[in-house]
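Inspection log for the structure reproduced underneath, given as structure tokens.
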Amino acid sequence: MPDVSRVWQRPFFVRTVGSSYEWAMQRPRVAAGFGRVVMGADVGRIYRAMAVVAEMPDGTDILDVPCGGGAVISRIRPGQRVRYVGVDVSAAMLDRARARYGDVELVKASIDRMPFADNEFDLCLCFNGLHCVPDPGAAVAEMARCLRPGGRLLGEFAVRGQLARSDAYMSVLRAAGAFGPAGTIRDARRWFTEAGLALDALDCTGAIAHFDARLRE
Ligand SMILES: C[S@@+](CC[C@H](N)C(=O)[O-])C[C@H]1O[C@@H](n2cnc3c(N)ncnc32)[C@H](O)[C@@H]1O
């Protein structure tokens with residue numbers, strides 16, 4: 001299986017696959033049609049969940065990983081005074097984010113080894129990320145380490161074992177190096193629990209799982 005994190009660092013991959021993904025995400029109707037047909041999912045829920053950024057009060061410390069080209073960064077309200085840090089392993093994806101959102105702190109690092117102190121953030125966002133990393137369990141543990149007690153980890157990812165057609169699609173993307181091993185909803189429950197997170201929500205629309213968890217105090 002190709003190393004997904006290396007693949008996402010290739011400029012040609014980012015110019016083709018990365019930019020096609022962003023193109024679709026910037027067009028909610030395209031993403032909704034694709035999500036329904038391929039993943040059996042209501043993709044609208046992803047956009048609704050991203051809106052949490054704008055609800056955060058001034059002074060909140062927010063970590064967005066993997067931030068990619070900045071789909072979630074775009075949800076910061078004008079005038080909102082938060083510390084917002086975007087992390088991604090791919091310099092090419094970070095360049096795309098920087099071109100649009102130059103005033104946000106952007107850091108090149110792997111999700112399973114981030115250069116932050118323990119308990120540094122109030123909120124960690126992980127959208128469409130856990131299926132794109134080599135070890136989702138290690139990624140969840142590292143995000144939990146960076147959260148303050150009571151801090152929130154929220155996001156969405158593609159899960160295996162929900163629908164035959166989405167499993168087939170994910171196998172193709174895994175072979176191409178765009179996806180990592182991902183996991184089932186049962187695997188996900190284990191990742192969160194082992195990381196010391198209490199789940200307020202973990203449920204699927206089709207093959208897309210939504211999670212909302214808190215680091216135990
Ligand atoms: C599908 S994009 C999602 C980006 C963004 N959250 C969004 O919703 O548009 C997946 C991202 O995962 C990043 N990625 C892959 N492996 C990673 C790793 N080990 N650590 C951090 N980011 C990684 C890729 O570079 C890519 O930007």
Side-chain angles (χ1 to χ4, degrees), residues 4-5 45-68 70-77 80-90 93-94 97 101 103-159 180-183 185-204 208-217:
V4 60
S5 298
R45 188 162 79 160
I46 299 180
Y47 298 104
R48 291 193 292 279
M50 286 178 178
V52 70
V53 171
E55 293 165 12
M56 291 297 114
D58 287 353
T60 307
D61 293 311
I62 304 176
L63 173 62
D64 170 7
V65 56
C67 64
V72 193
I73 301 174
S74 68
R75 305 302 163 124
I76 300 173
R77 250 186 301 118
Q80 192 177 9
R81 290 210 201 97
V82 292
R83 176 186 175 214
Y84 194 104
V85 183
V87 172
D88 203 284
V89 80
S90 166
M93 289 302 284
L94 287 171
Y101 311 105
D103 46 350
V104 163
E105 201 177 322
L106 294 169
V107 176
K108 182 179 177 326
S110 183
I111 193 169
D112 52 12
R113 215 165 38 147
M114 294 189 278
F116 306 118
D118 294 353
N119 317 130
E120 200 168 323
F121 293 92
D122 302 296
L123 172 68
C124 178
L125 303 164
C126 184
F127 280 88
N128 300 326
L130 289 177
H131 56 262
C132 286
V133 300
D135 183 347
V140 171
E142 178 67 350
M143 290 187 284
R145 182 189 69 75
C146 295
L147 278 177
R148 302 204 164 104
R152 194 169 169 200
L153 172 60
L154 185 144
E156 318 259 339
F157 73 106
V159 276
I185 198 80
R186 223 175 133 161
D187 294 328
R189 192 169 293 282
R190 181 171 40 80
W191 305 332
F192 291 106
T193 310
E194 288 180 358
L197 293 154
L199 280 162
D200 291 331
L202 175 62
D203 54 76
C204 290
I208 297 185
H210 167 82
F211 55 88
D212 191 350
R214 273 177 204 282
L215 188 64
R216 292 183 190 282
E217 310 245 6

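Below, all heavy atoms of this structure are taken into account, side chains as well, without hydrogens, waters or symmetry copies.
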Between Val159 and Ile208, is the side-chain contact (heavy atoms from CB on, under 4.5 Å) condition met? List the steps.
CA-CA 6 Å; Val159 276; Ile208 297 185; over 6 Å; no
Is a side-chain donor-acceptor pair under 3.5 Å present for Ser110 with Asp112?
yes
Flag, side chain of Gln80 to backbone of Val53, donor-acceptor distance under 3.5 Å
yes
Would you compute the distance between atom [atom1] of [X] and atom [atom2] of [Y] and round it to the nearest 0.5 angstrom?
{"X": "Met93", "Y": "Cys132", "atom1": "CE", "atom2": "SG", "result": "9.0 Å"}
{"X": "Leu215", "Y": "Met143", "atom1": "CG", "atom2": "CE", "result": "12.0 Å"}
{"X": "Leu130", "Y": "Ile111", "atom1": "CG", "atom2": "CD1", "result": "6.0 Å"}

Walk me through whether Leu199 and Arg189 qualify under side-chain contact (heavy atoms from CB on, under 4.5 Å).
CA-CA 8 Å; Leu199 280 162; Arg189 192 169 293 282; 4.0 Å; yes
For Trp191 and Phe157, what are the C-alpha separation, side-chain angles and deciding distance, and is it a ring pair (Phe, Tyr, Trp, His ring centres under 6.0 Å)?
CA-CA 13 Å; Trp191 305 332; Phe157 73 106; 5.7 Å; yes
Would you say that Asp64 contacts Val85 through its side chain, given a criterion of any heavy-atom pair below 4.5 Å between the two side chains?
no
Any Leu123 side-chain heavy atom under 4.5 Å of Leu63 side chain
no
Ionic contact status for [Y] with [X], cut-off 4.0 Å:
{"X": "Asp122", "Y": "Arg152", "answer": "no"}
{"X": "Arg83", "Y": "Glu105", "answer": "yes"}
{"X": "Asp200", "Y": "Arg214", "answer": "yes"}

